[in-house]
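To start, the structure under review is shown below, and the notes come after it.
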Amino acid sequence: MPKEGITPRAQDYSQWYLDIVSEAELADYSPVRGCMVIKPHGYAIWEHIQAGLDQRIKATGHVNAYFPLFIPMSFLMKEAEHVEGFAPEVAVVTRGGGEELAEPLVVRPTSEAIIGSMYAKWIRSWRDLPVLINQWANVVRWEMRTRPFLRTTEFLWQEGHTAHATEEEAEAETLKILHEVYADFVEREMALPVLRGRKTEKEKFAGALRTYAIEAMMQDGRALQAGTSHNLGQNFARAFDITYQTPDNRQEYAWTTSWGVSTRLVGALIMAHSDDEGLVVPPRLAPVQVVVVPIYKRDEERSLVMQTIDRLQQEWGGRFRLKVDDRDHLTPGFKFNEWELKGVPVRVEIGPRDVEKGMAAVARRDVPGKQGKAFVEQAGLGDYIAGLLNDIQRELFDRARRFQKERTLEVRTYDELKEAVETGFARAYWAGTTEDERRIQDETRATIRVIPFDQPETAGRCVYTGKETTQQAIFARAY
RNA sequence: CGGGGUGUAGCGCAGUUGGUAGCGCACAGCGUUUGGGACGCUGGGGUCGUGGGUUCGAGUCCCUCCACCCCGACCA
């Protein structure tokens with residue numbers, strides 16, 4: 001039974017996505033093109049994403065700081081590839097205080113430039129290293145085509161920026177973030193399985209030595225980059241003159257990294273788990289994990305039902321993020337639909353019959369309709385719900401992993417590749433050039449998402465050039 | 001930046017040969033309701049995206065501009 005106001009996925013996936021965003025009250029369009037207002041429910045999900053990431057970022061030894069929104073234009077121009085990559089999409093401030101500025105200020109599209117310039121100031125000796133700083137910030141990129149959460153002119157993110165004494169340390173940092181912070185968070189909290197690997201030259205960050213990424217599969221088989229971690233080598237250290245003195249008294253350039261994930265993760269969450277009934281949020285991320293809907297007709301029924309709910313709530317203590325929907329002017333049916341739309345993992349219904357029998361109706365969001373509804377004794381209900389939340393978390397992950405597996409095809413020929421990317425990912429031997437990659441994109445709209453870390457033992461022939469190689473790549477159309 | 005589309009009440013839309021703006025939902029009040037999106041009655045709410053033109057008269061015809069949405073190329 002599809003919800004009012006939601007276009008079924010099968011009919012128009014893209015419209016379905018936009019419907020979920022507005023019907024679940026995650027975001028609204030703002031008066032400024034490409035900018036969105038993140039509404040309380042959408043922001044609450046983002047806050048849980050922030051909390052989970054922040055905790056992991058700190059657990060791996062990083063600290064938070066804040067750098068300014070404005071960057072002198074000249075700073076952005078210091079790293080050649082960086083300029084080329086970002087110049088076309090920056091917003092520039094040319095006036096302030098009613099006067100023309102001596103030097104235009106760029107609204108940060110990312111903060112390598114401003115942070116690099118500060119690191120040059122702060123780092124003197126090998127004893128100052130490593131510097132491990134993260135910031136939570138907004139950035140602006142003047143994109144041509146925008147979609148809520150997936151690509152907006154202004155977006156929220158975290159960006160980590162570190163400086164190290166050696167290449168090995170920088171490389172280890174880059175990979176640690178990818179595995180222990182990003183992949184771990186996205187898989188465990190967001191219940192979203194990811195592919196981990198390296199980006200090709202064509203796809204890497206402007207100015208980086210190497211870019212690593214995690215990629216997730218959406219329900220239409222397209223890929224979404226869920227996080228990136230860059231080993232910047234000494235490129236930015238050279239551009240911003242970040243040097244340190246070694247124990248044996250030499251001046252060396254530092255090795256830097258940067259890494260980020262954004263509000264785009266909210267988009268990933270929607271497209272990975274939700275259905276035609278609305279949003280589905282994994283329990284560990286859900287702002288409200290359990291909603292209780294009281295059912296009653298007369299006043300005395302109402303007070304009996306509410307007494308039971310109060311008692312249960314006390315028994316559970318602060319065990320769940322719980323909401324009792326005691327709005328009086330809405331019918332239970334309306335509330336059921338609304339909370340399904342908003343993706344609350346578990347709904348408990350308590351009415352006069354349940355009060356009498358010591359029971360409750362419990363519905364799980366990941367199994368829509370009657371099949372997901374069970375009648376459970378009030379005694380032990382808290383444990384039942386705790387177990388159910390775990391089940392839902394696991395089931396969402398397993399479902400997404402199964403889907404990703406089924407839709408990832410090993411292909412040998414270019415024709416097979418073309419067909420595979422129509423519905424999902426294609427895994428193929430790859431020994432082509434950046435030019436070859438570009439041609440494949442023109443012809444199939446698919447790009448290499450990652451060169452995965454897990455590679456085959458045996459050699460094969462490149463899907464495009466026919467050259468023998470041991471390297472495989474994942475091709476897909478991407479958001 | 002190319003292609004397509006849409007601008008009329010908060011939202012979704014209708015508006016006939018040009019004649020002075022309406023429907024559904026939402027909202028407010030009252031009453032009855034409440035186990036899967038309740039019902040009745042009453043009520044409030046509009047410089048019809050902007051600027052110009054044609055006309056006695058424009059939501060409607062003509063021109064200009066603007067905004068937003070969708071599809072592509074660029075990107076987290």
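Keep in mind it's a predicted model, so treat the numbers as computed, not measured. Note that these values count all heavy atoms, side chains included, but never hydrogens, waters or copies made by symmetry. Per chain, numbering begins at 1; letters A, B, ... match sequence-line order.
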Q: Not counting sequence neighbours, which residues clear ring pair (Phe, Tyr, Trp, His ring centres under 6.0 Å) with A/Phe320? List them please.
A: A/Trp316
Q | A/Leu224 CG to B/rA76 C1', straight-line distance once rounded to whole Å | A | 9 Å
(Q) For B/rG37 and A/Thr331 - does any side-chain N or O of the residue sit under 4.0 Å from the phosphate oxygens OP1/OP2? (A) no
Q: Check the pair A/Glu143, A/Arg141 against salt bridge (Lys or Arg N to Asp or Glu O under 4.0 Å), reporting the backbone distance first and the verdict last.
A: CA-CA 6 Å; A/Glu143 303 285 358; A/Arg141 298 182 188 176; 5.4 Å; no
Q) Heavy atoms under 4.0 Å, any strand shown: does A/Thr152 hit a base, just sugar-phosphate, or nothing? A) base
(Q) Pick the closest RNA chain B nucleotide for A/Lys370 and for A/Tyr479 by heavy atoms, then say which residue is nearer the 5' end. (A) A/Lys370
Q) Any chance the side chains of A/Glu112 and A/Thr110 put a donor and an acceptor closer than 3.5 Å? A) yes
Q) Among residues 293-305 of chain A, which contact RNA chain B at a heavy-atom distance under 4.0 Å? A) A/Ile295, A/Tyr296, A/Lys297
**Q.** Separation of the C1' atoms in B/rG45 and B/rG24, to the nearest angstrom
**A.** 15 Å
Q | Separation of the C1' atoms in B/rU47 and B/rG43, to the nearest angstrom | A | 23 Å
**Q.** P gap between B/rU17 and B/rC13, integer Å
**A.** 23 Å
(Q) I'd like the C1' distance from B/rG44 over to B/rA26, given in whole Å. (A) 13 Å
(Q) Let's test this: given Watson-Crick or G-U wobble pairing with both distances under 3.5 Å, identify the partner of B/rG2. (A) B/rC71
Q | Spacing between A/Leu341 atom CG and B/rG36 atom C1', to the nearest angstrom | A | 14 Å
Q) For RNA chain B, which residues in residues 344-353 of chain A have a heavy atom at a distance below 4.0 Å? A) A/Arg347, A/Glu349, A/Gly351, A/Pro352, A/Arg353
Q: Verify the ring-centre separation between A/Phe205 and A/Phe86: is it less than 6.0 angstrom?
A: yes
Q. Which residue pairs pass the ring-ring contact (aromatic ring centres under 6.0 Å, His included) test with at least one member in residues 283-309 of chain A, sequence neighbours excluded?
A. none
**Q.** Ring geometry between A/Trp430 and A/Tyr464 (parallel below 30°, tilted from 30 to 60°, perpendicular above 60°)
**A.** tilted
(Q) Does A/Arg449 form a side-chain hydrogen bond (donor to acceptor under 3.5 Å, both in side chains) with A/Thr447? I'd like the steps, not just the answer. (A) CA-CA 6 Å; A/Arg449 302 320 303 159; A/Thr447 52; 2.6 Å; yes
(Q) I'd like to know if A/Glu340 reaches the base of B/rG36 with its side chain such that a donor and an acceptor end up less than 3.5 angstrom apart. (A) yes
Q: Quickly work out the A/Asp325 CG to B/rU34 P distance and round it to whole Å.
A: 18 Å
Q: Applying side-chain contact (heavy atoms from CB on, under 4.5 Å), name anything that partners A/Ala361, two or more places apart in sequence or on another chain.
A: A/Glu349, A/Lys373, A/Phe375
(Q) Counting only Watson-Crick pairs (N1-N3 plus N6-O4 or O6-N4) and G-U wobbles (N1-O2, O6-N3), all under 3.5 Å, who is the partner of B/rG7? (A) B/rC66
Q. Roughly how far, to the nearest 0.5 Å, is OG of A/Ser262 from CG of A/Leu150?
A. 9.0 Å
Which atom pairs, donor and acceptor, lie under 3.5 Å between side-chain atoms of residues 351-360 of chain A and protein residues at least two apart or in another chain?
{"unit_1": "A/Asp354", "atom_1": "OD2", "unit_2": "A/Gly351", "atom_2": "N", "d": "2.8"}

Q. To the nearest Å, how far apart are A/Leu269 CG and B/rA76 C1'?
A. 16 Å
Q: Measure centre to centre between the rings of A/His161 and A/Phe236, then say whether the value is under 6.0 Å.
A: no
**Q.** ring pair (Phe, Tyr, Trp, His ring centres under 6.0 Å) against A/Phe155, all qualifying residues, sequence neighbours excluded
**A.** A/Trp157
Q) Could you go step by step and tell me if A/Glu437 and A/Thr200 meet the side-chain hydrogen bond (donor to acceptor under 3.5 Å, both in side chains) rule? A) CA-CA 9 Å; A/Glu437 213 179 318; A/Thr200 60; 2.7 Å; yes
Q.
Go through it in stages, so that I can follow the logic: the residues are A/Lys342 and A/Glu25, the test is salt bridge (Lys or Arg N to Asp or Glu O under 4.0 Å), and I'd like the CA-CA distance, side-chain angles, deciding distance and then a yes or no.
A. CA-CA 8 Å; A/Lys342 291 198 166 180; A/Glu25 298 186 71; 3.4 Å; yes
Q) In Watson-Crick or G-U wobble terms, both distances under 3.5 Å, what is the partner of B/rU47? A) none
Q: For B/rC69 and B/rG31, measure between their C1' atoms and round to the nearest Å.
A: 43 Å
**Q.** Short side-chain donor-acceptor distance under 3.5 Å, A/Thr174 and A/Ser229
**A.** no
Q. Counting only non-hydrogen atoms, which of residues 257-268 of chain A are less than 4.0 Å from RNA chain B?
A. A/Ser262, A/Arg264
Q: Please state how far atom CG in A/Asp28 lies from atom C1' in B/rC68, giving the value in whole angstrom units.
A: 13 Å
With the criterion being N/O to N/O and under 3.5 Å, what pairs connect the protein with nucleotides 69-74 of chain B, and how long is each?
{"unit_1": "B/rC71", "atom_1": "OP1", "unit_2": "A/Ser14", "atom_2": "OG", "d": "2.5"}
{"unit_1": "B/rC71", "atom_1": "OP2", "unit_2": "A/Arg145", "atom_2": "NH1", "d": "3.0"}
{"unit_1": "B/rC71", "atom_1": "OP2", "unit_2": "A/Arg145", "atom_2": "NH2", "d": "2.4"}
{"unit_1": "B/rG72", "atom_1": "OP1", "unit_2": "A/Arg445", "atom_2": "NH2", "d": "3.4"}
{"unit_1": "B/rC74", "atom_1": "OP2", "unit_2": "A/Gln441", "atom_2": "NE2", "d": "3.3"}

Q: Please report, rounded to the nearest Å, how far the C1' atom of B/rU34 is from the CG atom of A/Asn337.
A: 14 Å
Q) Do A/Thr434 and A/Glu201 have side-chain N/O donor and acceptor atoms under 3.5 Å apart? A) no
Q) Quick one: side-chain hydrogen bond (donor to acceptor under 3.5 Å, both in side chains) partners of A/Tyr479, sequence neighbours excluded? A) A/Asp220
Q) Ring stacking, A/Phe334 with base of B/rG36, under 5.5 Å and under 30°? A) no
(Q) Between B/rA76 and B/rG3, how many Å separate the two P atoms, rounded to a whole number? (A) 27 Å
Q: Using atom CD1 of A/Ile49 as one end and atom C1' of B/rA76 as the other, report the distance to the nearest whole Å.
A: 14 Å
Q) Taking atom P in both B/rU20 and B/rG57, what distance in whole Å separates the two? A) 15 Å
(Q) Does the structure show a Watson-Crick or G-U wobble partner for B/rG22, both distances under 3.5 Å? Name it, or say none. (A) B/rC13
Q. Starting at the 5' end of RNA chain B and moving along, which residue's nearest nucleotide shows up first, A/Glu23 or A/Arg141?
A. A/Glu23
Q | Rounded distance in Å - CG (A/Asp328) to C1' (B/rU32) | A | 14 Å
Q. Got a sec? Which of residues 357-367 of chain A come in under 4.0 Å of RNA chain B, heavy atoms?
A. A/Ala361
**Q.** Residue list, side-chain hydrogen bond (donor to acceptor under 3.5 Å, both in side chains) with A/Glu315, at least two apart or on another chain
**A.** A/Arg311
(Q) Taking pairing as Watson-Crick or G-U wobble with both contacts under 3.5 Å, can you name the mate of B/rU32, or confirm there isn't one? (A) B/rA38
Q. Is the number of heavy atoms from other residues, nucleotides or ligands within 6.0 Å of CZ (A/Arg188) greater than 12?
A. no
